[in-house]
Amino acid sequence: MPTDTPMLPDDTGLKTRVLVFTNGSAGSGKSTTAAAVAYAAAKKKRKVCYIGLDKQRDGSRLLGYDDPDGDEDLPTLYDVVDKLVTLPEAVVPARDTKTKEVIDNLWVVLESKKLEHLEFKLANETARELWLYRMIGQLRGRFDVIALDCSGDVKLGTIGAIIASDEVVGCTKSQEKEARGLTELEDKIAEVAEAYGHTGMPTGIDWVVITEGVEHKSQGKVYKDMEQQLREAYGDIVLETVRDDVKVPEAYTAGQPVTLYSPNAPSAKAYTKIGRQMKLYR
Ligand SMILES: Nc1ncnc2c1ncn2[C@@H]1O[C@H](COP(=O)(O)OP(=O)(O)OP(=O)(O)O)[C@@H](O)[C@H]1O
Ligand SMILES: [Mg+2]
């Protein structure tokens, strides 16, 4: 790692907001949203740490690390769980995949393929649902925002992230399957809060982000109806809808958050607005 790489920021007593981007269903826009909003906030000079929890490692890729497992010197979240490094020691600066330069104000805890074994790894711990809650305090005060990007299920990784968080961002496509994933998520939060409410964990979904992601234009009306239903069900916690935008898969291929790849694209503007609606910046 170059010597001019900014290190982990000091604890300066920042009032850290831990946001968890999640849904019981896969492919609901979690990584796209978490990375886009994280970059938008860093661009507005907020100190941001992105923590990926998915063995697919999509978020790590978007933040400049194509293959965290390929470099033994790079710590990952799995190494933290494996107690090889502490959570603060696993924080590395995010990078622009295109220029290879460090991105100001944005840090990342990298994902590993080995996160597949997270449940097994935690199996013998007492109150294992608290695995991330027990550590996240070590990062509070150093960042304005910590973004936790979950895998597409509500198993132990996601449950731990929800308990460790302050606010739940339910990410959904405007389609039946992903919208149902939100209901599954709400049920899960309620169930977990019964046992772990004393941690101060969220008791429901705080924000909803709808990604339209229309694959077949002819089905447009179906998506519109679903968006309407979600707005009726969740009211004003539903933020700006992110319309179908070819710049999202393009940014994905380029390995960049869409807010970096194409800041003036409609999706990037929507994500910048979403960060503002969440009051992460003005
Ligand atoms: N606004 C958009 N327009 C077009 N495509 C989009 C948009 N938002 C997301 N997508 C596409 O939808 C797919 C799923 O997005 P993403 O990877 O962010 O979801 P995820 O919830 O993180 O998935 P996983 O559960 O696999 O982690 C990606 O191929 C992405 O490019
Ligand atoms: Mg993802």
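Hydrogens, waters and symmetry mates play no part in the numbers below; they use all other heavy atoms, side chains included. As the structure lists them, so they are numbered: ligands from 1, and atoms in each ligand from 1.
At least one heavy atom of Gly29 sits closer than 4.0 Å to an atom of ligand 1. In this structure, Ser151 falls outside the shell of residues with a heavy atom less than 4.0 angstrom from ligand 1. Ligand 1 has Lys173 within reach: a non-hydrogen atom of the residue lies less than 4.0 Å from it.
Taking 4.5 Å as the limit, every side-chain heavy atom of Lys188 sits out of range of all side-chain heavy atoms of Ile162.
At under 3.5 Å, not a single nitrogen or oxygen of Asp149, backbone or side chain, sits near a nitrogen or oxygen of ligand 1. The N/O atoms of Asp54, backbone and side chain alike, include one that comes under 3.5 Å of an N/O atom in ligand 1. Considering both main-chain and side-chain atoms, Thr33 never comes within under 3.5 Å of ligand 1 through any nitrogen or oxygen pair. Between Ser28 and ligand 1, an N or O atom pair is found at a separation short of 3.5 Å.
Nearest-heavy-atom check against atom 1 (N) of ligand 1 across Lys247, Glu212, Arg243 picks out Arg243. The heavy atom nearest to atom 6 (C) of ligand 1, out of those in Val248, Thr253, Thr241, is found in Val248. The closest heavy-atom contact to atom 5 (N) of ligand 1, among the options Ala268, Pro249, Ala34, Gly27, comes from Pro249.
Residue Leu62 shares its hydrophobic cluster (ILVMFWY side chains chained together at separations under 4.5 Å) with Tyr252.
Ordered by chain and number, Ser31 OG make up the set of protein N, O or S atoms under 2.8 Å of the Mg ion (ligand 2).
For the side-chain hydrogen bond (donor to acceptor under 3.5 Å, both in side chains) with Arg140, the qualifying choice from Thr16, Asp166, Asp11 is Asp166, the only one to do so.
Side chain of Glu111 to backbone of Ser60: a donor-acceptor contact under 3.5 angstrom is found.
Listed by number with element, the atoms of ligand 1 under 4.0 Å from a non-hydrogen atom of Thr211 are 1 (N), 2 (C), 7 (C), 8 (N), 9 (C).
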